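Heads up, the thing below is written out as structure tokens.
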Amino acid sequence: MALKLWASSTANALKLSNGRARATFSISISRSFSSVLDGLKYSSSHEWIKDEGSVATIGITDHAQGHLGEVVFVELPESGSSVSKGGGFGAVESVKATSDVNSPISGEVVEVNKKLTETPGLINSSPYEEGWMIKVKPSNPAELDSLLGPVEYTKFCEEEDAHH
């Protein structure tokens, strides 16, 4: 997921007071507390996937939702549509940004989490359970092998955050 939050953070770092610019500094510790679950695979664009054999459940990670902030709208595909590995299948809009959501695997969408239409904040409160986005019947299960495990994804996030 191409998170477009750094521009917003940079814009907020420079504040105007009585017509004079003054730099302010803040440290966000929330990133340190994002959860990464065993038993899931992760993409470098911050989606997670739970392989359940003939079906795989996909959502965005706790790390991603933490960067996005409060999710206010979710755009999802229709059941029966196709997704391609690395291709966009929807979008998540938050109070901070709108971000595309990419599929970590190719396949056919067999179910969409309709609860997200009414309650998009489930992505914030329960990103790995109630906040799942789509279920896909994989067309190439071998694509799962190229995804990150929990340890690799945690390291990836730490390195990414260190560069921002």
Side-chain angles (χ1 to χ4, degrees), residues 1-6 8-9 26-72 74-77 82-116 119-164:
M1 181 188 295
L3 296 176
K4 300 170 187 161
L5 304 177
W6 301 114
S8 174
S9 297
S26 64
I27 298 173
S28 173
I29 60 170
S30 63
R31 290 182 220 152
S32 304
F33 296 104
S34 62
S35 60
V36 175
L37 302 183
D38 288 334
L40 301 179
K41 293 280 200 166
Y42 300 88
S43 70
S44 59
S45 55
H46 303 287
E47 291 84 20
W48 59 265
I49 184 165
K50 182 178 182 182
D51 179 18
E52 300 173 279
S54 62
V55 175
T57 304
I58 298 171
I60 66 168
T61 65
D62 188 35
H63 183 84
Q65 73 78 24
H67 279 283
L68 282 168
E70 180 186 351
V71 174
V72 295
V74 179
E75 179 186 329
L76 297 173
S82 295
V83 293
S84 299
K85 179 179 174 141
F89 70 78
V92 175
E93 184 178 328
S94 74
V95 295
K96 292 182 182 179
T98 298
S99 296
D100 293 332
V101 183
N102 301 316
S103 182
I105 60 167
S106 301
E108 178 187 347
V109 177
V110 295
E111 190 177 346
V112 175
N113 187 350
K114 301 220 183 274
K115 288 183 190 177
L116 296 179
T119 317
L122 290 172
I123 289 176
N124 298 113
S125 62
S126 184
Y128 298 115
E129 293 176 19
E130 293 183 62
W132 64 273
M133 300 177 88
I134 61 173
K135 293 190 181 203
V136 173
K137 179 181 178 184
S139 58
N140 183 2
E143 290 176 337
L144 291 163
D145 297 336
S146 66
L147 298 172
L148 304 171
V151 172
E152 294 86 5
Y153 180 68
T154 299
K155 183 177 180 185
F156 174 80
C157 291
E158 289 170 352
E159 290 172 356
E160 186 179 65
D161 286 349
H163 289 100
H164 292 279

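Owing to the predicted nature of the structure, the values given are computational and were not obtained by experimental measurement.
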Listing, residues 128-138 side-chain donor-acceptor contacts under 3.5 Å, not counting sequence neighbours, or none:
from	atom 1	to	atom 2	distance (Å)
Tyr128	OH	Ser35	O	2.7
Tyr128	OH	Asp62	N	3.2

*Check the pair Tyr42, Val36 against side-chain contact (heavy atoms from CB on, under 4.5 Å), reporting the backbone distance first and the verdict last.*
CA-CA 9 Å; Tyr42 300 88; Val36 175; 3.5 Å; yes

At what distance, to the nearest 0.5 angstrom, does [atom1] of [X] lie from [atom2] of [Y]?
X      : Y      : atom1 : atom2 : result
Thr61  : Glu47  : OG1   : CD    : 7.5 Å
Ser84  : Asn140 : OG    : CG    : 11.5 Å
Gln65  : Asn124 : CD    : CG    : 4.5 Å
Ile105 : Ile49  : CD1   : CD1   : 3.5 Å

Would you mind reporting whether [Y] and [X] have side-chain heavy atoms less than 4.5 Å apart?
X      : Y      : answer
Asp161 : His63  : yes
Glu52  : Thr57  : yes
His46  : Phe156 : yes
Lys85  : Ser146 : yes
Ile60  : Leu68  : yes

*Does any N or O in the side chain of Ser126 come within less than 3.5 Å of the main-chain N or O of Leu122, such that one atom is a donor and the other an acceptor?*
no

*Qualifying side chain to side chain donor-acceptor pair (under 3.5 Å) pairs with a residue from residues 105-114, counting only residues at least two apart or across chains*: Ser106-Glu143

*asked:* If I compare all heavy atoms of Val74 with all of Pro120, which pair ends up nearest, and what's the gap?
replied: CG2-CB, 3.8 Å

*Shortest non-hydrogen contact from Val83 to Ser103?*
CG2-OG, 3.5 Å

*side-chain contact (heavy atoms from CB on, under 4.5 Å) between Leu37 and Tyr153: does it pass, once the steps are laid out?*
CA-CA 10 Å; Leu37 302 183; Tyr153 180 68; over 6 Å; no

*asked:* Under the rule for side-chain contact (heavy atoms from CB on, under 4.5 Å), what residues qualify as partners of Glu93, not counting sequence neighbours?
replied: Val72, Phe73, Thr98

